[in-house]
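Whatever order the structure lists ligands and atoms in, that order sets their numbers, starting from 1. Keep in mind the model is a prediction, meaning the values are calculated, not measured.
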Amino acid sequence: MSAPHASLPSPASSHPPPASRPVWRSPLRGPRLTALLGVVLLAGITLLFVTGLLSYAAYNPDLGGGVNDKTPGKGLLGFYLFSWPTGPSWLYRLTQGLHVTLGIALVPVLLAKLWSVIPKLFTLPPARSVGHALERLSLLLLVGGALFEFVTGILNIQLEYLFPGSFYPLHFYGAWVFIGAFAAHVVLRMPRTVRALRERTDPAAAADDTGLVAARPDPPTMTRRGALGLVGAGSLLLFATTAGQSLGGWWRRTALLAPHGGREPGGGPNGFQINKTAAAVGVTARETGDAWRLTVEGGGRRVRIGRAELLALPQHSAALPIACVEGWSTGDQEWSGVRLRDLAALVGLGDRPPGVLVESLQLHGAFRRAALRDNQVRDPRSLLALRVGGAELSPDHGYPARIIVPAAPGVLQTKWVARLTFGEW
Ligand SMILES: Nc1nc2c(c(=O)[nH]1)N[C@H]1C(S)=C(S)[C@@H](COP(=O)(O)O)O[C@H]1N2
Ligand SMILES: [Mo]
């Protein structure tokens, strides 16, 4: 019975270098493919990191003792780049649209990169030395961190806060772990990457010191250029079917992949994207009806004011978008209502108004309160909006009154406002 097998090499007697184990036979693998994909990821992930940091800054994470940013134990990592400005009004639309769209479009590149180095991820023995063990541990953080950040990000935008409340700290801490491992990886692999890009041809398996080239490759079924083209086409397709959700207007119809793209909910002035409906958060018509009063506090004073009185104050308009952390935007809508700084003036803080804590009627849920910075209160386009597109706000867009602030992320644009506390809270 041994006759048919006699000519095959027995596994015990051959000692191929780890990466050339016969399972990984694609002739496409090699330092050049890995380096090309790596360079694209270096640029893309750097941009993801920067736009992620910007998104963090846009949350006013320092304000109000954990009102906006509830991340436990963030310590030094709670730093933010700068106080988020109020202009240009499309700023968060741009930075967060980039963050989300780029994150989605990079998925094929990330998968291709992982595929290109897969022989290295499964080398045996797992560790040859202490240094090798440390290197492999850092790769675990790198690959695990990348997958974790992409998966949590995509689940959050596709399934609308799958981890309510906890997405934020998961994605936040995951990002720091990942970016640490990523930076180390870039530094360690840069010389090899540069070399691979300079050399036009991949080394033959015998001369390969990267462990990526298959020792006994299968015959090729496509060229490396073809494979890269396929990855690029996948990325472009994802980009083209996602980006429209941040652009607003007609473009939203092109966002076939985005959960909030495609079509607008309903028609008329209030017919634009809704995050949470009034029913979903338990805000009832009784609370928002004639009995509703806005409480304005600050500077030791308190005023209670109804909707008719608010409408009797000077009304101002501003064309501003809502831009959600999920990447979608409503595009510019024409909001009108009372300036936040005029409301500060009601309690005697009109000259140099301080920041404000906004609380909604909603009793539970992550976005029922938000803190705005003084620059946001002072901007003449920052409104307690009562109307949109010339009509009353609809219940789902925050009737009787909602916050609208230029360039601020959607989560700070509180709906169904009940109380404004200027200054200390
Ligand atoms: N009270 C309250 N305000 C809220 C929210 C909420 O859940 N409750 N969601 C916020 C988020 S995350 C976004 S993106 C915007 C969306 O506003 P829209 O539904 O009018 O488009 O509302 C914000 N204001
Ligand atoms: Mo949002």
Side-chain angles (χ1 to χ4, degrees), residues 55-56 58-60 67-70 92-93 95-97 99-100 153 155-165 167-168 171 245-246 248-249 252 258-261 263-266 268-284 287-288 292 294 318 320-337 356-372 376 382-389 391-420:
S55 185
Y56 186 66
Y59 269 62
N60 297 340
V67 171
N68 292 2
D69 179 17
K70 303 171 192 68
Y92 191 74
R93 237 174 123 186
T95 63
Q96 194 60 13
H99 187 75
V100 169
L155 286 180
N156 192 55
I157 57 176
Q158 289 291 329
L159 302 177
E160 300 188 59
Y161 316 109
L162 180 69
F163 329 89
F167 160 75
Y168 189 102
H171 204 65
Q245 68 166 343
S246 320
R252 288 175 57 91
H260 304 297
R263 68 212 134 75
E264 302 288 4
N270 278 283
F272 57 92
Q273 180 58 47
I274 293 160
N275 170 22
K276 293 265 164 63
T277 62
V281 300
V283 169
T284 63
E287 301 168 279
T288 58
W292 178 83
L294 172 74
L320 298 172
I322 287 175
C324 181
V325 65
E326 296 172 338
W328 55 265
S329 172
T330 61
D332 279 354
Q333 306 291 328
E334 189 72 19
W335 305 91
S336 66
V356 68
L357 173 69
V358 182
E359 292 169 276
S360 79
L361 288 169
Q362 187 187 333
L363 295 178
H364 307 285
F367 314 127
R368 66 183 192 281
R369 310 193 310 154
L372 300 172
Q376 294 173 316
S382 296
L383 303 175
L384 182 70
L386 307 169
R387 304 170 62 84
V388 65
E392 300 285 2
L393 285 179
S394 70
D396 290 338
H397 282 304
Y399 183 91
R402 78 168 303 160
I403 295 291
I404 186 84
V405 169
V411 6
L412 300 185
Q413 323 265 26
T414 309
K415 305 196 272 194
W416 314 292
V417 173
R419 177 190 295 265
L420 300 174

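- The two atoms that bring Leu412 and Ala58 nearest to each other are CD1-O, 3.5 Å, heavy atoms only.
- Screening residues 407-416 for salt bridge (Lys or Arg N to Asp or Glu O under 4.0 Å), with sequence neighbours left out, gives no hits.
- The contact set between ligand 1 and Ile274, taken as ligand atoms under 4.0 Å from a residue heavy atom, comprises 19 (O), 21 (O).
- Residue-level proximity to ligand 1 for Gln273 is carried by the backbone, the only part with a heavy atom below 4.0 angstrom.
- Of all heavy-atom pairs between Trp416 and Lys276, the closest is CH2-O, 3.5 Å.
- Checking only distances, Arg402 does come within under 3.5 Å of ligand 1, N or O to N or O.
- The backbone N or O of Leu357 lies less than 3.5 Å from no partner atom in the side chain of Arg369, so there is not a single donor-acceptor pair.
- In this structure, of His364, Gln362, Lys276, the residue bringing a heavy atom nearest to atom 8 (N) of ligand 1 is Gln362.
- On a distance-only criterion, Gln413 and ligand 1 share at least one N/O pair closer than 3.5 Å.
- When only interatomic distances are considered, the shortest N/O to N/O separation between Trp416 and ligand 1 does not fall below 3.5 Å.
- Residue Asn275 touches ligand 1 through backbone and side chain together, judged by heavy-atom distances below 4.0 Å.
- Among the candidates Asn68, Val67, Asp69, the single residue satisfying the side-chain contact (heavy atoms from CB on, under 4.5 Å) test with Asn60 is Asn68.
- The ligand atoms of ligand 1 that sit less than 4.0 angstrom from a heavy atom of Ser360 are 1 (N).
- Under the rule for a ring-ring contact (aromatic ring centres under 6.0 Å, His included), the partners of His397 that lie at least two apart in sequence or sit in another chain are Phe272.
- On a distance-only criterion, Lys415 and ligand 1 share at least one N/O pair closer than 3.5 Å.
- Using a 4.5 Å cut-off on side-chain heavy atoms (C-beta onward), Tyr399 and Val388 make no contact.
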